[in-house]
Amino acid sequence: MEEIVTTEPLEKEILSDARKKAERILKDSGAEAESARRSGQERTQKALEALASDYGSKAKRYRDESLARLPLEKARIKAAHVDALLERAMGAYLASIGGAERDKLLLDLLSRGASLVGASPVSVRYCGLGRAEAEALVSRAFPKSHIASISEDASLGSAGLVAATEDGSLCARATLDLIGERLLDEDRGELAKTLCGEALAL
């Protein structure tokens, strides 16, 4: 019985030490957990700040690029609008002319090949003209040449004619659509100012 009495204080001391160690371990674990939680929060906050900064930079860059493109886009839209107006106006003009005015334009274009045709005979295809008109235009454009053959050809798609030398070395085309293209190429600026002044001022 005496042995039991003598070991009791020792057991109490051991239990007290174990309790203190357990409290220290719990306290240290709590401190580590709090430190890990704070560290995790800090990392999360920094990651969120970096994402917000990156998003802000990208948004600013996209906004700046969009604003920089606006004048170019406006100019492109205006140019397309003016071109469409010119095409319509030219189409209406060409559809409205006939007779002597039309023949003068066709003759002027056809005559540009006179020096190359020389005395070579030509084969002629015409569209939107009478046969006599086509023959007269070719005779006036190529005074040294003569017509070897002549036929109507609706596939030309526009009023006018095509004269080709018999050997195929030269083909001169004079049609209203080609005249329209040349007028637009050579005088686009002047035509745009005259026909589309309001559109250019936009």
Side-chain angles (χ1 to χ4, degrees), residues 62 64-202:
Y62 293 149
D64 291 346
E65 288 173 0
S66 296
L67 289 173
R69 280 196 297 264
L70 280 177
L72 293 174
E73 186 63 14
K74 181 182 175 185
R76 186 193 66 75
I77 291 170
K78 183 165 75 170
H81 178 65
V82 169
D83 274 350
L85 288 175
L86 284 175
E87 294 283 348
R88 283 199 300 272
M90 184 58 71
Y93 165 70
L94 294 174
S96 71
I97 63 172
E101 189 178 1
R102 178 197 61 201
D103 290 351
K104 181 181 180 304
L105 291 171
L106 293 173
L107 179 62
D108 181 57
L109 185 56
L110 195 60
S111 296
R112 295 181 186 192
S115 62
L116 297 173
V117 171
S120 301
V122 291
S123 296
V124 178
R125 293 179 293 128
Y126 64 93
C127 176
L129 309 171
R131 181 184 179 106
E133 286 177 291
E135 289 174 342
L137 284 170
V138 172
S139 296
R140 289 172 64 193
F142 308 136
K144 295 179 182 177
S145 176
H146 70 276
I147 297 172
S149 64
I150 186 166
S151 61
E152 189 169 7
D153 184 358
S155 70
L156 293 180
S158 180
L161 49 88
V162 173
T165 55
E166 285 288 271
D167 62 6
S169 62
L170 178 73
C171 181
R173 180 184 178 100
T175 54
L176 289 183
D177 59 350
L178 187 57
I179 289 168
E181 288 172 18
R182 284 180 178 256
L183 286 171
L184 287 175
D185 286 343
E186 294 169 7
D187 301 307
R188 184 174 293 271
E190 192 60 37
L191 288 168
K193 286 178 189 174
T194 303
L195 300 173
C196 310
E198 289 182 16
L200 287 172
L202 292 175

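All values below were derived from every heavy atom in this structure, side-chain atoms included, with hydrogens, water molecules and symmetry-related copies excluded.
Nearest heavy-atom pair, Gly160 versus Leu129, reported as atom, atom and distance to 0.1 Å: O-CD1, 3.8 Å. For the pair Gly113 and Phe142, the tightest heavy-atom approach, listed with the atom from each and the gap, is C-CE2, 3.8 Å. Shortest non-hydrogen contact noted between Gly128 and Arg102 is O-NH1, 3.7 Å. Of all heavy-atom pairs spanning Ser145 and Pro121, the tightest one is OG-CA, 3.8 Å. The shortest non-hydrogen separation linking Cys127 to Gly157 is SG-N, 4.4 Å.
The distance from the CG atom of Asp153 to the OH atom of Tyr126 is 10.0 Å, given to the nearest 0.5 Å. Within the model, atoms OG of Ser111 and CG of Leu106 stand 10.5 Å from one another, a figure rounded to the nearest 0.5 Å. Put simply, CD on Glu181 and CG on Leu176 are 11.5 Å apart, with the number rounded to the nearest 0.5 Å. Considering OG of Ser149 and CZ of Arg125, their distance stands at 10.0 Å, rounded to 0.5 Å. Here the straight-line distance linking atom CG of Leu137 with atom CG of Asp108 works out to 11.5 Å at 0.5 Å rounding. Rounded to the nearest 0.5 Å, atoms CG (Leu105) and CD1 (Ile97) are 5.0 Å apart.
Listed by chain and residue number, Arg173, Asp177 satisfy the side chain to side chain donor-acceptor pair (under 3.5 Å) test with Thr175 (two or more places apart in sequence, or in another chain). For the side chain to side chain donor-acceptor pair (under 3.5 Å) test, residues two or more places apart in sequence or in another chain that qualify with Glu135 are Arg131.
In summary, the side chains of Glu166 and Ser120 do not present any donor paired with an acceptor at a separation below 3.5 Å, with no hydrogens or angles considered.
Between the side chain of Thr165 and the backbone N or O of Leu170 there is at least one donor-acceptor pair closer than 3.5 Å.
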